[in-house]
Protein chains: 2
Amino acid sequence: MSEETGSRAEQRARTRRTLLDQSRRLFTEHGYGGVGLAEIVAAAGVTKGALYHHFDGKPALFRAVLEQVQREVGAAVAGAAEARTDPWEQLTAGCRAFLTASTAPDVRRIMLVDGPAVLGWNQWRALDESSSARHLEESLAALAESGILRPQPVAPLARLLSGAMNEAALWLAGSGDGQDLEDVWSALSRLLESQRRSE
Amino acid sequence: MSEETGSRAEQRARTRRTLLDQSRRLFTEHGYGGVGLAEIVAAAGVTKGALYHHFDGKPALFRAVLEQVQREVGAAVAGAAEARTDPWEQLTAGCRAFLTASTAPDVRRIMLVDGPAVLGWNQWRALDESSSARHLEESLAALAESGILRPQPVAPLARLLSGAMNEAALWLAGSGDGQDLEDVWSALSRLLESQRRSE
DNA sequence: CCTTTCACATACCAACGGTATGTTGAGTTG
DNA sequence: CAACTCAACATACCGTTGGTATGTGAAAGG
């Protein structure tokens with residue numbers, strides 16, 4: 001299994017990664033409040049001393065896990081958008097990528113449910129802004145500047161769409177029905193399309 | 001102050017109400033995880049025995065508080081809608097009432113932030129459905145049936161709009177700027193109006 | 001009155017997050 | 001290469017937490 005070989009830096013990295021992986025799994029299964037540090041360190045095969053050597057406490061550990069999840073979601077959104085050239089398609093592809101990515105159980109629980117409660121909404125919002133939400137507002141701003149979007153301030157619209165997609169992802173994760181994704185997607189598409197400037 | 005007069009039923013009701021009021025205040029100020037039962041019972045002037053006589057535990061107490069908050073928000077939404085006769089105005093008035101009501105600190109923290117994390121999203125969603133979200137979907141369904149709304153399934157649209165308004169309320173509560181409410185409201189109005197059937 | 005029952009108060013427990021200190025081996029230095 | 005340093009943990013412990021089991025005094029019932 002995980003031998004205690006390697007340099008000190010390797011051991012440090014491996015321990016930290018194991019802690020992150022196991023806590024992410026347990027947070028997903030039982031929620032932040034439903035899992036104790038004892039359970040986490042037991043699953044990782046270390047002790048609380050190791051955990052507190054790497055993280056400042058339980059909230060800091062959760063924050064590190066959340067940042068990891070948000071980086072992955074942000075990368076998925078950005079990747080889907082960059083695969084397109086048309087600005088409007090970049091927006092829609094990014095939104096669809098966010099919807100599918102956020103339906104995963106760990107994203108759902110860690111990012112959408114427990115995140116705001118553990119860190120407080122303001123901190124959660126700041127993290128969300130720096131990862132995936134930023135792409136949405138930038139995309140909308142570009143569309144507004146080139147006149148493709150109906151003229152309006154983009155910041156409020158970005159908030160509304162972000163909230164709409166968050167809620168939709170939570171709903172989709174619970175339904176498990178593939179048809180629901182298409183229903184939500186057409187509804188969201190209608191909302192997006194309605195903000196496109198009529199030629 | 002609160003004398004121990006009255007019949008046994010009156011004492012019971014008074015104790016329960018005090019417990020609900022104080023826990024609601026403390027949950028709002030420090031969040032669910034940030035306040036202990038000791039603090040709650042001290043503020044209410046009773047002991048843990050009284051609390052456990054009225055509620056099954058800390059999550060059950062929070063659930064009772066949440067249901068109270070949701071009833072108030074639902075009543076505000078329904079009241080604003082029923083003050084109008086035109087179906088479309090009922091929708092917009094209800095949405096605006098939800099936005100303003102959900103900006104209050106207790107609604108924000110208890111209903112929007114801690115609610116899903118404490119009860120789990122499925123239970124939270126069931127409570128939300130039975131209070132304010134139901135009005136939204138019913139209003140949309142009525143508009144769809146009478147042909148005022150662009151033909152589409154209303155359930156996904158209701159979910160998207162509900163999430164959008166939740167997020168908007170969270171943002172508005174943090175900004176404190178009165179202009180932001182108007183910005184968000186015009187953005188939301190544009191989204192709603194775009195789903196109105198063009199004559 | 002006397003008894004029962006309700007509405008709590010008191011005392012207590014296991015588990016929790018967090019800390020203080022001990023230990024070991026890799027990396028550095030003379 | 002031997003002595004030393006210090007990072008990377010392990011171990012033991014503490015105060016507090018949510019939860020429970022039991023005691024108690026006043027109101028309701030006969």
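Below, chains carry the letters A, B, ... as their sequence lines are ordered, and counting in each starts from 1. Not measured: the values here are computed from a predicted model.
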Spacing between B:Leu37 atom CG and C:dA14 atom P, to the nearest angstrom: 19 Å
Nucleotide D:dG19, atom P - distance to NZ of B:Lys58 in whole Å: 8 Å
Protein-nucleotide distance (B:Leu51, atom CG; C:dT10, atom P), rounded to Å: 15 Å
Side-chain ion pair, B:Glu167 and B:Arg108, N-O less than 4.0 Å: no
B:Trp171 and B:Asn166, any side-chain heavy atoms less than 4.5 Å apart: no
Heavy-atom side-chain proximity of B:Arg190 to B:Glu193 below 4.5 angstrom: no
Whole-Å distance separating the OH atom of A:Tyr52 from the C1' atom of D:dC13: 14 Å
d(NZ, B:Lys48; C1', C:dA11) in whole Å: 10 Å
Sugar-phosphate only, base, or nothing, as touched by B:Val41 at under 4.0 Å among non-hydrogen atoms: nothing
Distance, rounded to the nearest Å, where A:Gln11 contributes CD and C:dA26 contributes C1': 9 Å
Sugar-phosphate, base or nothing in reach of B:Gly57, heavy atoms under 4.0 Å: sugar-phosphate
Short side-chain N/O contact to D:dA8 OP1/OP2 from A:His53, under 4.0 Å: yes
Side chain of A:Pro59 (C-beta onward), nearest among C:dG18, D:dT11, C:dA9: C:dG18
Student check: side-chain heavy atoms of A:Arg12 and A:Arg16 closer than 4.5 Å: no
Atom pair distance, as rounded to whole Å: CG in B:Leu61 and P in D:dT17: 16 Å
Distance, rounded to the nearest Å, where B:Glu10 contributes CD and C:dC8 contributes P: 12 Å
Residue closer to the 5' end of DNA chain D, A:His54 versus B:Val35 (nearest nucleotide): A:His54
Heavy-atom side-chain proximity of B:Glu39 to B:Leu26 below 4.5 angstrom: yes
Phosphate-side-chain proximity, A:Thr15 and D:dC9, N/O vs OP1/OP2 below 4.0 Å: yes
